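I have placed the structure first, in the form of structure tokens, so that the comments after it can refer back to it.
Just so you know, residue 1 is the first one in the sequence shown, and it goes up from there. Since this is a predicted model, take the numbers as computed values, not measurements.
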Amino acid sequence: MRKVSLNGIWTRKIGCGAESEQIVPFSALAVGRSTLKREFTAEGFVRLFLALDGITYHASVYLNGILLGEMLPYCEYEFEIGKYVKEGTNELTVELEDLDLSFGPTPGWENFGGIIRDVSLIYRDDDYISDVFFHSTLKNEYRDASVTFDVKTDRGAGKRIKAELFDAEGICVLSCLRDGDGRIESELEGIKLWSPDDPYLYTLSVTLYDGDSAVDVYVQKVGFREFSCDRHRFLLNGKHIFLKGVCKHEMIGDSGHTVTPEQIEEDMRMIKATGSNFVRLVHYPHRRETVEIADRLGLMVSEEPGLWWSDTSDEEVARGSLEVLERTILRDRSHPSIVFWLAFNECRFTEKFLADSASVCRRLDPTRPVSGANCMSDEDTLVHFNKCGFDFYTMHPYSPSFDRAKRSAQTLCDKPLLFTEWGGHYVYDNPGYMRDCIRKMAELYHSASDEGALAGAILWCWADYNDFNRGAPCIDGELFEGIVTTDRKKHLCYDTFCEEIARIEQAPAPSEYEYVQLCEASGEALTLISGGASFSDALSDTANEVRALPFRLQRHRRLKVGPVLLREEIPGISLTPAVLCDRDTLVYSCNKRAKEITLIGLTSINKGYPIGGVLGEEVARVKIFCSGSVKEILLRNGREMTTVFSTIASSRIEPVADLAMRFAEFSYDKNFEKYVINKLTIPLCEEALIDRVEISSLSRGYALLMYGVFSD
């Protein structure tokens, strides 16, 4: 076989416009219809093929005006062209459509049209190796393997096949001969396993002989590994493994789908350096070099056919995605880094499509599990994934709290559950929430219980990318949900992600907090026995605080949750804060000796320094009843208390009280819900028996939030 590149300068015409020069491969903004042409000559061939490694999103390919065939996106196609080639100059034409299609373009990311990957002429002998599928069964406690080579030739009658396996030092460890194509089986002792920790690769060489002459050779790196499902967990080479990693688009900056092997290598090395062991290649087949690099670096990956909120009841969508899935499996099924196939991403799926996609995967590759990247309800997932034969569950539990993820783990509990996406804008720039989510996921993994378990979690997403179809945190067409920027600079959460996934395999201590920088309060909590306004009523009145601001700072707040610590149990802190409005009084009871008490809260949901009220204004009075005496202090705006909000309009702010300290910072939505909690320690003259603590509003239009009172 000999390959000649047809990359380089072509002519391109958009619609009915004029021709201009275009370097192929390329990705360009979608234009609808375009035509690309180039000329070539070919001489001295037995059989000649045209290979196109990928286009977006549909192509009709012509040679000298004769239609060779149609192409779907991202896939490799070959057309035998010998009988259409003329002496001298030949004209190759590719007509592209990149917008008006049922299958291909999606609103999930910026769409680029183009001949996105290489174009080549392939010179072959009369017969050639058309497909090789290397797979194995590991045995004897993963020391040995039964090896299978499924070899297909184009015209295999009367030919011989030789399959050889070479170790990393180039020593031949296995050699097999067969007359004609088909299945070759053998045994190999003393294998070295492929894993993320030690990605050991062998070299597979398959040679086709005509008599004593070699007429074609197929070479690929392969590895020995076993990936399987075990009730609540995944197994790699017989050992439990938690899949931890990121979702990665192929696009880097404005490159579209035309990235270089060097760019891919740099990206994958950076991901490996985070401590990830898995990369979900979203949402379409990536270049074959990506999988080859994953083999070499030791990153497990998955592939999928290019769907996003697609209607799989549409026959054209279903038919196209199944063909892309089939072509991708045939291209990449011998790679050790690929551990399972995903049939779709976030689709309105039908049972027929799920069953058909599972059938395609099992027919072409019975060695790997199959599933789909899914955000439907837990109940629908439980029914349809089982009915259609998927091997494990998936879910995308995007939420401002971990409750959504926990419910999925409790419902989808009879086979492994993988969060094929999690995080997004909820964890972007919010390291505290990211930290706690990962710790809670680690707890689910280690529990491995029918009451809630998790086999892996893949962060959305690796890098920011172009998207002009979303609200915040999409700014000027750039979606800020990655842990690195479009040019691969680290975001705020990058280090937190690396630190926390490094600890997942360790049995974790129970999570101590839900959100950012929550401190432990010392001492024993006093019990709230009476007083306080309705928190929901106070929340609904927050418009008063905004309307009081200068117009340039006003902005409607979206308080879906409010400043509540969503935590099952923080000792001594109420999950919903008590609220003091309009001469309310809170009473905390106690019968304990102490030298000091600590108030936790000291923020206001209406007014509050620095965005409302008068600096130094008296807001509430605290009375401490102890040993027959009463100690009183005042809570003043900007001295002992602040606003609860740490953003206003488009800006972050720093609510600082002179005499109080910061106790907690937490966030549910970085654009609208970022909060602070303060604390104030009040010393007593000497250790005294505390009977109760009363906090009374002085009716200045504040809504004072109190989360608890502690004694030392």
Atom [atom1] of [X] and atom [atom2] of [Y]: how far apart are they, to the nearest 0.5 Å?
{"X": "Thr603", "Y": "Asn678", "atom1": "OG1", "atom2": "CG", "value": "6.5 Å"}
{"X": "Glu505", "Y": "Phe242", "atom1": "CD", "atom2": "CZ", "value": "8.0 Å"}
{"X": "Phe645", "Y": "Ile605", "atom1": "CZ", "atom2": "CD1", "value": "5.0 Å"}
{"X": "Leu704", "Y": "Met641", "atom1": "CG", "atom2": "CE", "value": "6.0 Å"}
{"X": "Ser255", "Y": "His257", "atom1": "OG", "atom2": "NE2", "value": "9.0 Å"}
{"X": "Trp460", "Y": "Arg280", "atom1": "CH2", "atom2": "CZ", "value": "7.0 Å"}

Assess whether side-chain contact (heavy atoms from CB on, under 4.5 Å) is satisfied between Val427 and Leu459, documenting all intermediate values. CA-CA 10 Å; Val427 302; Leu459 178 71; 4.1 Å; yes

Can you tell me if CD on Glu379 sees more than 12 non-hydrogen neighbours from other groups inside 6.0 Å?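 Enclosed.
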
If you count every heavy atom of other residues, nucleotides or ligands that lies below 6.0 Å from Asp414 atom CG, does the total exceed 12?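 Yes, the 6.0 Å shell around CG holds more than 12 heavy atoms from other groups.
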
Residue that, paired with Asp464, satisfies side chain to side chain contact (heavy atoms under 4.5 Å, CB included) out of Leu479, Val484, Thr485, Ile483: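 The residue from Leu479, Val484, Thr485, Ile483 that satisfies side chain to side chain contact (heavy atoms under 4.5 Å, CB included) with Asp464 turns out to be Thr485.
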
Among Leu281, Asp295, Ile293, exactly one meets side chain to side chain contact (heavy atoms under 4.5 Å, CB included) together with Val301. Which residue is that?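 It is Leu281, the one option of Leu281, Asp295, Ile293 that forms the side chain to side chain contact (heavy atoms under 4.5 Å, CB included) with Val301.
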
Answer yes when [X] and [Y] have at least one side-chain N-carboxylate O distance shorter than 4.0 Å, and no when they do not.
{"X": "Glu654", "Y": "Arg662", "result": "yes"}
{"X": "Arg296", "Y": "Glu292", "result": "no"}
{"X": "Arg435", "Y": "Glu499", "result": "no"}
{"X": "Arg368", "Y": "Asp391", "result": "no"}
{"X": "Asp378", "Y": "Arg407", "result": "no"}

Exercise: identify the closest heavy-atom pair between [X] and [Y]:
{"X": "Met441", "Y": "Ala457", "value": "SD-CB, 3.4 Å"}
{"X": "Ala373", "Y": "Leu342", "value": "N-CD2, 4.2 Å"}
{"X": "Thr350", "Y": "Thr312", "value": "N-OG1, 3.1 Å"}
{"X": "Gly601", "Y": "Tyr707", "value": "CA-CD1, 3.6 Å"}
{"X": "Val324", "Y": "Pro305", "value": "CG1-O, 3.5 Å"}
{"X": "Phe340", "Y": "Ser302", "value": "CE1-CB, 3.4 Å"}

Any [X] side-chain heavy atom under 4.5 Å of [Y] side chain:
{"X": "Thr106", "Y": "Tyr57", "result": "no"}
{"X": "Ser449", "Y": "His232", "result": "no"}
{"X": "Val282", "Y": "Glu304", "result": "yes"}
{"X": "Met300", "Y": "Leu243", "result": "yes"}
{"X": "Phe663", "Y": "Thr598", "result": "no"}
{"X": "Ile338", "Y": "Val291", "result": "yes"}
{"X": "Leu325", "Y": "Ser357", "result": "yes"}
{"X": "Leu602", "Y": "Thr642", "result": "no"}

Would you please test Asn430 and Lys674 for side-chain hydrogen bond (donor to acceptor under 3.5 Å, both in side chains) and show each step? CA-CA 10 Å; Asn430 192 345; Lys674 290 175 70 72; over 6 Å; no

Take Val339 and Phe234 through the test side-chain contact (heavy atoms from CB on, under 4.5 Å) and record every step on the way to the result. CA-CA 10 Å; Val339 292; Phe234 294 121; over 6 Å; no

So, the side chain of [X] versus the backbone of [Y]: is there a donor-acceptor pair under 3.5 Å, distance only?
{"X": "Asp267", "Y": "Gln263", "answer": "no"}
{"X": "Arg225", "Y": "Trp194", "answer": "no"}
{"X": "Lys248", "Y": "Val279", "answer": "no"}

Could you go through His240 and Leu235, starting from their C-alpha distance and side-chain angles, then the distance that decides it, and tell me whether this counts as side-chain contact (heavy atoms from CB on, under 4.5 Å)? CA-CA 5 Å; His240 289 133; Leu235 294 174; 3.1 Å; yes

Assess the residue pair Ser195 and Asn237 against the criterion (side-chain hydrogen bond (donor to acceptor under 3.5 Å, both in side chains)); give the C-alpha distance rounded to whole Å, side-chain angles, the decisive distance to 0.1 Å, and a yes or no. CA-CA 8 Å; Ser195 72; Asn237 300 331; 5.2 Å; no

With salt bridge (charged side-chain N to carboxylate O under 4.0 Å, His left out) as the criterion, how do Arg503 and Glu500 come out once you've worked through the C-alpha distance, each side chain's angles and the decisive distance to 0.1 Å? CA-CA 5 Å; Arg503 301 188 180 103; Glu500 292 303 320; 2.8 Å; yes

Glu421 and Asn345: CA distance, side-chain angles, deciding distance, side-chain contact (heavy atoms from CB on, under 4.5 Å) verdict: CA-CA 10 Å; Glu421 292 178 21; Asn345 173 69; 3.3 Å; yes

Please report the C-alpha distance between Tyr465 and Glu110 in whole Å, then the side-chain angles of each, then the deciding distance to 0.1 Å, and finally whether the side-chain hydrogen bond (donor to acceptor under 3.5 Å, both in side chains) criterion is met. CA-CA 8 Å; Tyr465 62 93; Glu110 187 169 29; over 6 Å; no

Let me know which of Phe390, Tyr393, Phe353, Phe349 forms a ring-ring contact (aromatic ring centres under 6.0 Å, His included) with His384.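 By the ring-ring contact (aromatic ring centres under 6.0 Å, His included) criterion, His384 pairs with just one of Phe390, Tyr393, Phe353, Phe349: Phe349.
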
Only one of Tyr74, Phe112, Phe344 forms a ring-ring contact (aromatic ring centres under 6.0 Å, His included) with Tyr284, so which one is it?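 Among the candidates, only Tyr74 passes.
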
Can we call the ring centroids of His283 and His249 under 6.0 Å apart?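 That pair passes the under 6.0 Å test.
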
